[in-house]
There are 2 protein chains.
Amino acid sequence: MTLSLVARHAGVSLATASRVLNGSDRKPAEDIAERVRASAKTLGYVPNAQAQALARSTTGLIGLVVHDISDPYFSSIAKGVQRRAFADRHQLLLAAADGIDELSTVGAFIAHRTEAIIMAGSRRQEINPELVAELSRYQQNGGRVVTIGQWWLDGAGAVTIDNHNAGLELTETLIQAGHRRFAFLGGPEDLVSATDRRDGFALAMGRTGLVAESITSNAFTSQGGYEAATSLVERRGADGARGLTVIAGNDIMALGAIAAFRHAGLVVPGDLRVAGFDDIPNLRDYSPGLTTVRFPLEEIGVMAADISLSHAEPRTDRVVGEVIRRESA
Amino acid sequence: MTLSLVARHAGVSLATASRVLNGSDRKPAEDIAERVRASAKTLGYVPNAQAQALARSTTGLIGLVVHDISDPYFSSIAKGVQRRAFADRHQLLLAAADGIDELSTVGAFIAHRTEAIIMAGSRRQEINPELVAELSRYQQNGGRVVTIGQWWLDGAGAVTIDNHNAGLELTETLIQAGHRRFAFLGGPEDLVSATDRRDGFALAMGRTGLVAESITSNAFTSQGGYEAATSLVERRGADGARGLTVIAGNDIMALGAIAAFRHAGLVVPGDLRVAGFDDIPNLRDYSPGLTTVRFPLEEIGVMAADISLSHAEPRTDRVVGEVIRRESA
DNA sequence: TTGAAAGCGCTAACAT
DNA sequence: ATGTTAGCGCTTTCAA
């Protein structure tokens with residue numbers, strides 16, 4: 001079903017049919033318009049977005065690249081992005097970039113002429129220069145880039161997450177609450193968000209003259225947290241671990257760590273304390289309640305989409321976390 | 001940057017440039033090809049997927065509609081779909097359909113000429129006839145539809161999940177293990193997957209001559225489970241609830257229910273037992289370990305994408321659950 | 001107000 | 001093996 005078929009069926013020109021069916025400033029007469037709509041309805045006309053995109057040179061597409069959509073951190077963000085995009089009649093192209101294929105993923109988005117590309121949490125210590133080049137060219141051609149986590153691309157918008165401050169505040173809060181012996185079960189060394197959290201932790205420690213009993217680096221997953229905790233217990237023995245306050249790189253690592261401690265016969269918060277970051281959904285169901293730093297994940301997605309869709313200068317929105325004390329620490 | 005610019009820069013025809021850059025059976029000479037590739041590279045050419053789609057009348061897009069992408073059930077499925085689609089150089093259009101906008105969502109996908117539409121878990125007791133009409137027409141025009149959960153559309157492919165059997169087996173397993181007093185905290189009445197699980201439960205009860213002490217219906221969310229459990233305790237008192245085996249409509253309801261029981265001073269599995277369905281990711285971290293019926297969520301996504309991309313007759317794959325006993329029941 | 005026609009960037013016959 | 005050209009379905013000047 002094409003527009004010209006509809007036009008013929010309604011006995012009008014292509015141009016007129018286009019004007020009544022797919023918006024325009026010029027408004028055809030109401031009787032004509034009605035006839036066209038009727039024809040469209042009976043023929044089951046659905047506009048071809050591809051053809052429209054070609055003619056208007058704008059696609060109504062926005063692209064989101066995440067590390068792992070099954071990670072609650074990213075799926076919460078995705079939900080926000082999708083909601084905001086949909087409200088603006090835009091469609092969401094979703095891709096996962098588990099590292100190496102980031103470039104080809106972005107390439108695919110560019111091929112599809114997405115109006116914006118949102119990069120969630122992929123800021124590594126050393127950014128792939130090819131990626132930067134690709135995204136920069138994309139921007140020069142009118143594409144908009146929004147990064148989530150940190151700002152790391154010239155000319156791009158961003159929703160920055162103050163991980164350093166989160167690490168600092170969480171640690172200070174716990175120190176003020178009387179905690180003294182700390183271990184940090186951090187995320188990957190090459191992820192800026194992970195090292196920022198760790199550095200914030202280290203700063204708080206330094207200010208108080210405390211020294212961390214252990215600082216490790218593992219995957220940002222439940223398994224990563226589990227392994228980090230397991231090896232911590234192996235190295236120090238259950239008795240050595242007792243009394244520690246363990247800060248994990250994020251909530252799912254924290255949950256994995258707690259599971260590992262439990263398997264090692266250690267009870268949280270009885271034997272040791274654990275805290276995380278993010279406040280992922282449904283944490284309320286978890287026992288013990290996890291002490292964490294809350295970030296409004298879905299809202300972050302909305303903000304990123306907002307910047308994507310805006311016509312103004314790309315802006316940077318800052319998000320600061322809020323320490324949430326629960327039972328685990 | 002357009003193909004014709006590249007062609008001119010390389011001193012060849014549009015057709016030749018197209019052949020070397022974007023596959024074709026006809027293979028231009030290697031020296032020519034090299035020249036074209038070089039030009040494309042220096043000019044930073046990226047094919048316009050829209051134009052290609054128009055010319056080839058195939059978009060390389062597949063659409064996925066889920067209820068809520070932040071629900072681990074759906075995000076796991078989405079991960080599988082995305083992975084499989086990406087492996088076939090296809091892009092994923094993701095949309096959330098919290099009920100009413102299902103039709104417009106599907107409409108948008110059709111406008112974008114997705115090659116297939118995967119509908120995850122939206123099978124309601126009474127299907128919107130407009131939705132069916134829209135999808136049927138889509139299929140007649142060459143689109144492929146795959147439903148996840150149940151098969152409910154003529155001519156569509158499906159990955160069916162045997163919820164009835166899951167409810168049956170889980171209940172029978174628990175009965176054999178000596179459980180006698182059951183309550184069922186089900187999902188929404190209008191969702192077939194929810195009622196199928198409940199019916200399987202009821203069948204197992206009937207076969208053994210047992211009668212459920214309570215059967216309720218709430219939202220398929222942690223909150224739904226929490227409320228169902230809370231009202232159960234309110235109705236029967238803590239003592240009345242003690243000794244019950246509570247089967248929830250899915251895992252997140254089960255976790256919500258356990259939290260509610262805990263807040264009511266009841267311990268699982270000490271005071272009562274709880275089980276769920278799905279085996280969502282990271283359940284291992286949860287304590288007590290949740291007894292559930294495992295479905296290979298990510299694999300289900302892969303299967304659905306597989307059917308979407310296949311050129312053969314749309315098929316229906318059946319997935320049966322596997323009862324996983326853990327500590328909670 | 002309505003219509004005719006020139007693209008948008010690319011593919012795929014069809015010619016050469 | 002390479003080039004010419006007619007579309008793909010739609011928007012949008014420009015004329016009427």
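Both backbone and side-chain heavy atoms feed into the values below; hydrogens, waters and symmetry mates do not. Order of the sequence lines sets the chain letters (A, B, ...), proteins ahead of strands, with each chain counted from 1.
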Test side chain to side chain donor-acceptor pair (under 3.5 Å) on B:E115 and B:S308; report intermediate values, then the result. CA-CA 8 Å; B:E115 294 171 17; B:S308 298; over 6 Å; no
Which is it for A:H112 and A:T59 under the side chain to side chain contact (heavy atoms under 4.5 Å, CB included) test, yes or no, and what are the steps along the way? CA-CA 8 Å; A:H112 281 277; A:T59 58; over 6 Å; no
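Residue-level contact check: B:A29 touches the backbone only, with heavy atoms under 4.0 Å from sugar-phosphate atoms and none from bases. The residue A:I32 sits close only to the backbone: its heavy atoms come under 4.0 Å of sugar-phosphate atoms, none of a base.
Whole-Å rounding puts the B:N48 CG to C:dT11 P distance at 10 Å. Whole-Å rounding puts the B:Q52 CD to D:dG7 C1' distance at 16 Å. Atom-to-atom, NE2 of B:H112 to C1' of D:dG9 comes out at 15 Å; the value is rounded to the nearest Å. Between the CZ atom of B:R56 and the P atom of C:dC8 there is a distance of 20 Å, given to the nearest Å. In this structure, CG of A:L21 is placed 13 Å from C1' of D:dT11, rounded to the nearest angstrom. Between the OH atom of B:Y45 and the C1' atom of C:dC10 there is a distance of 7 Å, rounded to whole Å. Rounded to an integer number of Å, the gap from A:I110 CD1 to C:dG9 C1' is 17 Å. For A:L3 and D:dT12, the CG to P distance is 12 Å, given to the nearest whole Å.
Closest to the B:L14 side chain, of the nucleotides C:dA13, C:dT11, D:dC10, is C:dT11. The B:A15 side chain lies nearest to D:dT4 when the options are C:dG7, C:dG3, D:dT4. Among the nucleotides D:dT2, C:dT11, D:dC10, the one closest to the side chain of B:P28 is D:dT2.
Side-chain N/O atoms of A:T2 include none lying less than 4.0 angstrom from OP1 or OP2 on D:dG9. Note on A:S18: a side-chain N or O is less than 4.0 Å away from OP1 or OP2 of D:dT11. Contact between the side-chain N/O atoms of B:N22 and the OP1/OP2 oxygens of C:dC10 is not found at any separation under 4.0 Å. Between A:T16 and the phosphate of C:dG3, there is a side-chain N or O to OP1/OP2 separation shorter than 4.0 Å.
Nucleotides of DNA chain D nearest to B:L54 and B:A17 differ in position, and the one nearer the 5' end is that of B:A17. Along DNA chain D, the nucleotide closest to B:S57 and the one closest to B:D31 are compared, and the more 5′ of them pairs with B:D31.
Side-chain to base pairing of A:R113 with C:dG9: no donor and acceptor N or O lie closer than 3.5 Å to each other.
Distance check: A:I62 CD1 to A:T114 OG1 gives 8.0 Å after rounding to the nearest 0.5 Å. Taken to the nearest 0.5 Å, the CG atom of B:D68 stands 8.5 Å off from the OG atom of A:S76.
Closest non-hydrogen pair, B:L191 versus B:F220, comes out as CD1-CD1, 3.7 Å.
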